[in-house]
Every structure is written in C-alpha cells, then in structure tokens.
Amino acid sequence: MAGISLKNVQKIYSGNVTAVHKFNLDIKDKEFVVLVGPSGCGKSTTLRMIAGLEDISEGELYIGDRLVNDVQPKDRNIAMVFQNYALYPHMTVFENMAFGLKLRKVPKDEIKRKVEEVAGILDITHLLNRKPKALSGGQRQRVALGRAMVRNPDVFLLDEPLSNLDAKLRTTMRSEIIKLHRRLDATFVYVTHDQTEAMTMGDRIVVMKDGHIQQVDTPQRLFNFPANVFVAGFIGSPQMNFINSKVVKYENKYFIEFSGSLMSVPQRFMDKIKDYENKEVIMGVRPEDIIIEEKSEVKASVDIMEVMGSEAYVYLKLNDGSKLIAKTGSGVNFNVGDEVGIKANPDKIHIFDKETEKSILL
C-alpha cells in the first residue's frame, strides 16, 4: 500500500480558468480521506488528477515515493470507483470483475480465485452470472467495488459512489465501505458533496470551496473548531446560525452584543477578543445550542415549526430581522407568530472576524 502527497498541485484549463489552486495534502498509508464541498469546488478534478485521468498543470504528485505526474493511469496501481458504476453492460458480473485482470494476462485459475474471493466478501457470489441490467443500484455498486478490489491496488479512489442510491441504501453502503476499508487496510480517497457521508466515513476530511482547501481535520475537530464561516456553515445539519454582533466592554469584562442583548464572552476567547473591542463580528451558534427560554431578554417570533420524530426544528425571526433555527425536543409546541425568549449556550458559540470570516479562536 502507499500514501499520497500533493505538493502545490494546480489544474488550469484553457482560458486561464483555475479549477484547483495550489493543493497541498499528505495522505498517510491506509488512511481514509474524504474530499467534500459543493458542486464545482474542484474535489472530483483533484481525484482525477490523482488517478491520472486529468493532467496536472503545476505541482507534484507522489504515490508512495514515486513522482507520478507523467505516469499513465494503468501504471499507478490505483483503482477508481465511479458515480455511474461504469460496468460493461454486455458482460456478466464475473466478466466485469475479471476484465482488468485479463488485460494484465493473469492466469485463469488465479482470476477465478480472486473474483470468487472478493464476491464472497461483498456478498455477490449469487450474482456472478448476471448482467448489470438485472442488478439493483446497490448490487451494481458492489460489483464496481469488487472490480477495484480484485486488482489489489495501492490506492482506492471513489468518486461520489453512493449518490445514485436511495437514502436507506446509502446508509447501508456507507457502513459497508467503512468495513471494507478496515478489512483491506488500504488507502482510500473518497469524494462526496454530502457532509453526512464525509463526517461518518473519513479519518480526515478536506473541505474545499472554489478550488481552495478551506480546512483539513478530523470530523470532530471540523465540527467543534471550524476555521471559517464557510466550514462552519457546511459542516452540521441544520447548518450553523450566523448572527451579526459586536464586541463591547463593560466594567473590564467583554460581552457579545446582539439583538439588543449582552452575552458574556467565553473564557476560551478571552486572549483573542481584546483586539475586537467595539468591532463587529459574526457569532455562530449551532441550532442545538439555541435554548428557548421564556425568561430570556432576547425575543423572537416563530416562523415555522417542523417536527422530525424525536426532535423539532423551530425557525425564528429576531427583532432586528435576523433568522435562526433552534433544534429542540419534539415535546414543544409553538404556533406561527408566537413570541418566545431565546438564548445561546455561551460555551458553544463561535466568533468569526467580520472581514476575513476566519475564526478568531484558531
């Protein structure tokens, strides 16, 4: 197996359009790394450069200790699983899985052994004589995974492999891919636009926007310590609330002023907040950290209430027009137009620079 290193990698298309800007990332051997971001952020282009399906405009790409900028895809010992499965419709499952091995002149008995072994792992042995049109989406995805596995590659590259599946099957296949990674003990690079997939699957997550890396971190640190407003809003569902606020000082203590109310600045911000006295900032609060409390000085009116089984989302409007979402238990019941008191859990808030949108904590 092998790690991957991208050093100042760029992809520039004709017309001087840059899809990926100076991408720097070291992926450890046997690590599961997820590239996540909205459509057009450059994540699939980056994956295709690793695969050799896109030329690298600038920078260096290493797989293991080998510089592979000019190495053909077939010689990189990688396997790629595509969104649309890319199965040959006229071949059986067995033939699809065996095709790459046949091209490499692997002996027939070894091909049979490898295909049957992998089919057993993926629970598709009973499908080996069927053709793709007779398979469900989930079965086709397993075949695509199996075709990659039989080659025993150094690196698995997966480009939105679950996006064509329904919600229930996506959840099942997420678990299967996680178990597969552990079993194969291989390096996985996985692309998705779904932050839930990224958070549940990756050892580390690379959040991208407009061809730039925004943050590389573990799922928990991305959630608890987002580097900027974009990461904070992209990671978490429903997304974080952002409130225009101001840092003020009274009696040698710092407060966040918003919607006519004051909230003490948490101790963890104290060293950094001094530079923001009397300046506007962006306060971020996750919906689960908005507390609906009748006695609170901050008042809001209820716009919509959505009950989602054991929890409810309450859409609120502050007096200054700001809109928030609070996540509560489903036992609460409000009508549209009701006035409620709200407060933010001060230990869970985030504060971002108004101009740069970067966290002032990092």
Side-chain angles (χ1 to χ4, degrees), residues 1-9 11 20-38 41-51 59-65 68 78-81 145 148 153-163 170-171 173-237 239-240 286 350 358-359 361-362:
M1 301 302 167
I4 303 169
S5 184
L6 298 97
K7 301 181 184 299
N8 292 315
V9 167
K11 180 61 184 180
V20 177
H21 300 260
K22 293 194 177 296
F23 193 100
N24 286 282
L25 181 67
D26 289 316
I27 300 171
K28 300 171 188 172
D29 182 25
K30 302 175 185 177
E31 192 175 18
F32 196 131
V33 167
V34 179
L35 308 183
V36 67
C41 71
K43 55 189 184 295
S44 289
T45 301
T46 302
L47 195 77
R48 290 173 65 84
M49 285 192 287
I50 296 172
E60 297 177 333
L61 171 64
Y62 293 84
I63 297 179
D65 297 326
V68 296
I78 54 95
M80 191 157 178
V81 179
L145 286 167
D154 287 335
V155 177
F156 285 83
L157 306 176
L158 301 97
D159 190 6
E160 306 228 27
L162 308 183
S163 60
R170 277 203 306 272
T171 302
M173 287 302 297
R174 278 206 309 262
S175 302
E176 292 297 323
I177 291 174
I178 292 168
K179 288 191 286 186
L180 196 58
H181 172 249
R182 291 173 184 159
R183 179 163 188 162
L184 297 176
D185 221 15
T187 305
F188 275 46
V189 186
Y190 188 104
V191 160
T192 181
H193 64 275
D194 185 332
Q195 57 101 5
T196 302
E197 274 184 30
M199 292 291 282
T200 54
M201 298 179 80
D203 297 324
R204 284 191 302 155
I205 300 172
V206 181
V207 183
M208 297 181 65
K209 178 191 177 189
D210 298 333
H212 294 275
I213 293 177
Q214 301 295 305
Q215 189 172 355
V216 182
D217 225 321
T218 63
Q220 205 58 47
R221 281 191 58 82
L222 277 180
F223 187 83
N224 292 329
F225 303 102
N228 55 41
V229 168
F230 177 79
V231 175
F234 193 81
I235 300 296
S237 181
Q239 78 160 38
M240 184 182 287
R286 296 204 179 276
H350 302 263
K358 292 180 179 179
S359 171
L361 191 58
L362 301 179

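Only this structure's heavy atoms are used, side chains among them; waters, hydrogens and symmetry mates stay out. Quick caveat: nothing in here was measured; it's all calculated off a predicted structure.
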| note | Residues Ile78 and Pro153: closest non-hydrogen pair is C-CB, 3.9 Å

| request: May I ask you to test the Val206-Phe23 pair for a side-chain heavy-atom distance under 4.5 Å? | output: yes

| Any idea which heavy atoms bring Val81 and Ala148 closest together, and the distance? | CG2-CB, 4.0 Å

| Checking side chain to side chain donor-acceptor pair (under 3.5 Å) against Asn228, which of Lys358, His350, Gln214 comes through? | Gln214

| note | For Leu362 and Pro226 the tightest heavy-atom approach is CD1-O, 3.7 Å

| note | Minimal heavy-atom distance between Arg286 and Gly236, with the atoms involved, is NH1-CA, 3.9 Å

| query | Can you find a pair of side-chain heavy atoms, one from Met208 and one from Thr46, that are under 4.5 Å apart? | reply | yes

| task | For residues Ile63 and Ala2, report the shortest heavy-atom separation together with the two atoms involved. | result | CG2-CB, 4.1 Å

| Residues Glu31, Arg204: salt bridge by 4.0 Å N-O rule | yes

| message | side-chain hydrogen bond (donor to acceptor under 3.5 Å, both in side chains), that's the test. Do Glu160 and Tyr190 meet it? Break it down for me. | response | CA-CA 7 Å; Glu160 306 228 27; Tyr190 188 104; over 6 Å; no

| request: Applying side-chain contact (heavy atoms from CB on, under 4.5 Å) between Leu6 and each of Val20, Ile50, Asn24, report the one that passes. | output: Ile50

| query | At their closest point, which heavy atom of Met49 faces which heavy atom of Leu61, and how far apart are they? | reply | O-CD2, 3.4 Å

| request: Test the Arg182-Phe32 pair against the cation-pi criterion, namely NZ or CZ under 6.0 angstrom from the six-membered ring centroid and within 45° of the ring axis. | output: no

| message | To the closest 0.5 Å, what do you measure between CG (Leu180) and CE (Met173)? | response | 8.5 Å

